[in-house]
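Atom set for the values below is all heavy atoms of this structure, side chains included, hydrogens, waters and symmetry mates excluded. Residue indices begin at 1 and follow the sequence shown.
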Amino acid sequence: MFIRRRKNKSGTTSVVVVDKSSGKFRELKTIGVASDDAEIEVLERKAREWMGHYTGQMALDFSDTERVRSEYRNMLSNVDRTLLNMPQTILNSIYDRIGFNSIDDVILRHLVVARVCQPMSKVATVEYLKSYFDEDVRLHNIYRYMDSLYDTQRENVQQISVAHTLKVLGGRIGLVFYDVTTLYFESKPKPDDELRQAGFSKDGKTSESQIVLGLLVSEDGYPLSYSIFNGSQYEGRTMIPVIDDFVRRFSLTDFVVVADSGLMSAKNISLLETAGYKYILGARIRNESPSIKDWILSVDRTDGNIEECRKSSTQRLIVSYSETRARKNAWNRDKGLERLRKAYAKGTLTKEDVNRRGYNRFLDISKDITVSINEEKIEEDILWDGMKGYLTNTDLPMDEVISRYHGLWVVERAFRIGKGTLEMRPMFHFSEKRIEAHICICFVAYKVYKELERVIRSIGLGMSVDKVLCIAKTITTIRLRLPNGEAYMQTLFTTPQQEAIKPLLEALDISVNE
């Protein structure tokens with residue numbers, strides 16, 4: 001807001017109060033018309049008084065450079081704080097839209113927002129919240145809070161997440177995707193630690209302790225429920241308990257369970273059918289009976305061909321052939337054989353070639369062992385190139401079964417975001433309560449991430465969540481302390497990129513100035 005002298009055709013000068021907002025000028029009030037400098041100064045003084053009464057802001061007179069500089073200095077001396085809190089503003093709005101604001105828990109909100117914005121240790125999170133958002137959160141309060149989080153909020157956050165997902169999907173969860181991953185610790189477990197244990201690591205951290213995380217997501221990757229298991233737990237034994245628990249708590253049964261072949265076992269399939277669940281599973285076609293394997297190998301190898309056979313009164317085995325998959329299978333095999341032939345070019349296995357991990361370190365090889373590559377097994381492997389199987393007890397058409405199974409990428413992406421963007425691991429907590437609390441915080445953070453992604457997509461912004469937050473981190477908000485003691489907030493959009501995310505703020509009903 002400033003004062004403008006406007007020359008009139010009659011030779012007089014109008015003194016007008018002008019406001020600039022969103023790149024547009026708007027005349028708020030014409031103070032008067034004068035014909036000489038003395039009258040103009042009187043009108044300008046009245047204009048400054050009007051501005052002070054109208055908004056409490058300091059008026060800037062651009063007709064006098066030195067006066068403008070002085071007024072700018074006076075204004076800047078009233079700056080109470082500069083904040084980089086636009087990411088917090090956006091994520092707080094998303095947090096509320098989901099319904100997490102119904103949990104009267106300000107520390108959970110701060111930890112979730114910080115996890116999405118700048119995942120780091122709890123010590124660094126305290127500093128980040130203060131430096132960027134001017135939020136005072138004590139470290140000891142965070143640790144005490146985490147000790148009680150699992151018992152108080154785990155059920156609530158999953159209830160809220162499921163309710164919101166149902167709303168987004170129109171009241172029905174048609175598909176439920178399940179998968180597991182491992183989260184490792186950079187610490188050794190205690191002898192009596194039942195949760196942190198050694199096991200098969202999906203991150204290749206075989207020497208570290210870990211836990212197993214089972215995650216249920218809906219179509220498009222919205223998180224529904226999670227459970228954690230000790231690090232030595234076989235992943236195939238995690239699926240049924242998680243699904244049973246999900247059904248028990250939310251009374252949802254009208255869905256199809258989708259899981260990959262790693263979770264397929266005769267016992268799991270039997271339990272799924274006994275419980276009345278519909279399922280689509282990746283099939284281990286090379287482990288089928290001889291008659292079914294003969295049928296699979298007789299399937300027409302035309303690109304995109306799909307055929308099925310009935311395994312039982314309830315089960316259908318669907319097989320598809322893809323030339324792209326066949327080329328990939330062949331390429332992977334050729335690369336592996338190239339490494340083998342290079343490693344064992346001499347035809348012998350020496351002590352240096354032995355895997356020294358685990359109990360193999362106790363082996364004592366006194367003489368070289370002759371090794372060779374079995375060409376018959378290679379020819380047998382070639383027969384399966386391009387073939388993929390799916391097992392289901394649904395009545396869905398074959399192409400729809402395959403399409404729904406391929407939706408498993410959403411849970412794989414959930415793990416990538418959780419481990420990468422949200423830095424869920426490695427974990428540095430030791431007690432079971434804090435480990436579970438950390439997973440709970442990350443679950444809520446992922447839900448917030450996915451909802452922000454959905455809103456961005458719905459308005460056609462054409463940016464990723466990470467890009468939006470990266471731009472938001474550059475937007476500065478100035479907090480001024482006015483002469484009357486009140487605070488005034490001004491958010492500055494100074495670059496085209498910053499202006500580009502304004503439609504998101506409008507969609508979230510975010511008012512940037514107070």
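- Heavy-atom minimum distance, T421 versus P119: O-CG, 3.2 Å.
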Would you check, one step at a time, whether the test salt bridge (charged side-chain N to carboxylate O under 4.0 Å, His left out) holds for E436 with K433? CA-CA 5 Å; E436 292 168 335; K433 287 184 177 180; over 6 Å; no

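- With respect to the salt-bridge test (charged N to carboxylate O, under 4.0 angstrom), the residues E423 and K419 do not qualify.
- Once rounded to the nearest 0.5 Å, the distance linking CG of D260 with CE of M239 reads 9.5 Å.
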Could you walk me through whether I107 and N141 pass the side chain to side chain contact (heavy atoms under 4.5 Å, CB included) check? CA-CA 9 Å; I107 295 183; N141 287 340; 4.3 Å; yes

With side chain to side chain contact (heavy atoms under 4.5 Å, CB included) as the criterion, how do L166 and F250 come out once you've worked through the C-alpha distance, each side chain's angles and the decisive distance to 0.1 Å? CA-CA 11 Å; L166 281 168; F250 303 109; over 6 Å; no

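- Contact between S218 and I173 at its shortest, heavy atoms only, is CB-CG2, 4.2 Å.
- Atom CZ of R138 sits in a sparse spot, with 12 or fewer heavy atoms from other residues, nucleotides or ligands closer than 6.0 Å.
- What you find for C440 and V157 is that their closest heavy atoms are SG-CG2, 3.8 Å.
- Taking CG from N230 and OG from S209, the interatomic distance works out to 11.5 Å, rounded to the nearest 0.5 Å.
- Put simply, the side chain of H438 gets close to the backbone of M424: a donor and an acceptor are under 3.5 Å apart.
- Using a 3.5 Å distance cut-off with no hydrogens or angles, the side chains of N156 and Q153 do pair a donor with an acceptor.
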Go through the steps to decide whether K447 and E451 satisfy the test salt bridge (charged side-chain N to carboxylate O under 4.0 Å, His left out), and finish with yes or no. CA-CA 6 Å; K447 177 66 178 180; E451 175 61 7; 5.8 Å; no

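- How far NZ of K388 is from CD1 of I402: 10.0 Å, rounded to the nearest 0.5 Å.
- Not counting sequence neighbours, the partners of N287 by the side-chain contact (heavy atoms from CB on, under 4.5 Å) test are R284.
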Between L252 and V162, does the side chain to side chain contact (heavy atoms under 4.5 Å, CB included) criterion hold? Intermediate values first, please. CA-CA 10 Å; L252 298 172; V162 170; 4.0 Å; yes

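- Counting only residues at least two apart or in different chains, salt bridge (Lys or Arg N to Asp or Glu O under 4.0 Å) contacts with residues 457-467 comprise D220-R457.
- For the atom pair CD1 (I98) and CD1 (I160), the distance works out to 9.5 Å, reported to the nearest 0.5 Å.
- Side-chain contact check for F229 versus L195: every heavy-atom pair is 4.5 Å or farther apart.
- Counting only distance, with no hydrogens or angles, the side chain of Q210 and the backbone of G231 share a donor-acceptor pair below 3.5 Å.
- Taking each heavy atom of C117 and F133 in turn, the nearest pair found is SG-CZ, 4.3 Å.
- The line from CZ of R144 to NE2 of H140 is 5.0 Å long, rounded to the nearest 0.5 Å.
- In this structure, G214 and V180 approach most closely via the heavy-atom pair CA-CG1, 4.0 Å.
- The CE atom of M86 lies 5.0 Å from the CG atom of L505; values are rounded to the nearest 0.5 Å.
- By the neighbour-count criterion of 12 heavy atoms within 6.0 Å, atom CZ of R172 is densely surrounded, having more than that number from other residues, nucleotides or ligands.
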Worked verdict on Y390 versus H406 for side chain to side chain donor-acceptor pair (under 3.5 Å): CA-CA 10 Å; Y390 314 86; H406 288 170; 3.3 Å; yes

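- Aromatic ring orientation, F246 versus F255: perpendicular (interplanar angle above 60°, classes split at 30° and 60°).
- Looking at heavy atoms from C-beta onward, L272 lies in side-chain contact with L281 at the 4.5 angstrom threshold.
- Residues Y449 and I94 form no side-chain contact, since every pair of their non-hydrogen atoms from C-beta on lies 4.5 Å or further apart.
- In summary, R249 and D245 engage in a salt bridge, as defined by a charged side-chain N under 4.0 Å from a carboxylate O.
- Side-chain contact annotation: T253 with Y277, donor-acceptor N/O pair under 3.5 Å absent.
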Applying salt bridge (charged side-chain N to carboxylate O under 4.0 Å, His left out), run through R109 and D96 and close with a yes or a no. CA-CA 10 Å; R109 179 190 291 267; D96 294 344; 2.8 Å; yes

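- Taking the side chain as every heavy atom from C-beta outward, L83 and T476 never approach each other to under 4.5 Å.
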For V256 and V176: C-alpha separation, side-chain torsions, deciding distance, then whether side chain to side chain contact (heavy atoms under 4.5 Å, CB included) applies. CA-CA 6 Å; V256 177; V176 169; over 6 Å; no

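- Under a 4.0 Å N-O distance rule, the pair D134/K130 qualifies as a salt bridge.
- Between the side chain of N85 and the backbone N or O of Q88, no donor-acceptor pair lies under 3.5 Å.
- Using a 4.5 Å heavy-atom cutoff, the side chains of F100 and L108 are not in contact.
- With contacts defined as side-chain heavy-atom distances shorter than 4.5 Å, the pair R154/Y226 qualifies.
- Annotation: side chain of Q497 is in contact with side chain of I471 (closest heavy-atom distance under 4.5 Å).
- Not one N or O on the side chain of S161 forms a donor-acceptor pair closer than 3.5 Å with the backbone of Q158.
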Show your working on side chain to side chain donor-acceptor pair (under 3.5 Å) between Y279 and N268 and close with a plain yes or no. CA-CA 11 Å; Y279 59 81; N268 275 347; over 6 Å; no

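- Listed by first and then second residue, the salt bridge (Lys or Arg N to Asp or Glu O under 4.0 Å) pairs involving residues 113-128 amount to none (not counting sequence neighbours).
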Side chain to side chain donor-acceptor pair (under 3.5 Å) between S322 and K328, intermediate numbers included: CA-CA 10 Å; S322 164; K328 182 179 179 182; over 6 Å; no

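- Remark: the backbone N or O of S270 is paired with a side-chain donor or acceptor of T274 at under 3.5 angstrom.
- Between the side chains of E499 and T495, no donor-acceptor pair of N or O atoms lies under 3.5 Å.
- Side-chain contact check for V212 versus L183: every heavy-atom pair is 4.5 Å or farther apart.
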Show your reasoning for whether side chain to side chain donor-acceptor pair (under 3.5 Å) applies to Q490 and T477. CA-CA 6 Å; Q490 178 71 47; T477 296; over 6 Å; no

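- Using modelled atom types, one side-chain atom of Q498 and one backbone atom of T494 make a donor-acceptor pair closer than 3.5 Å.
- When all heavy atoms are compared, the tightest approach of E208 to Y184 is CB-CB, 4.3 Å.
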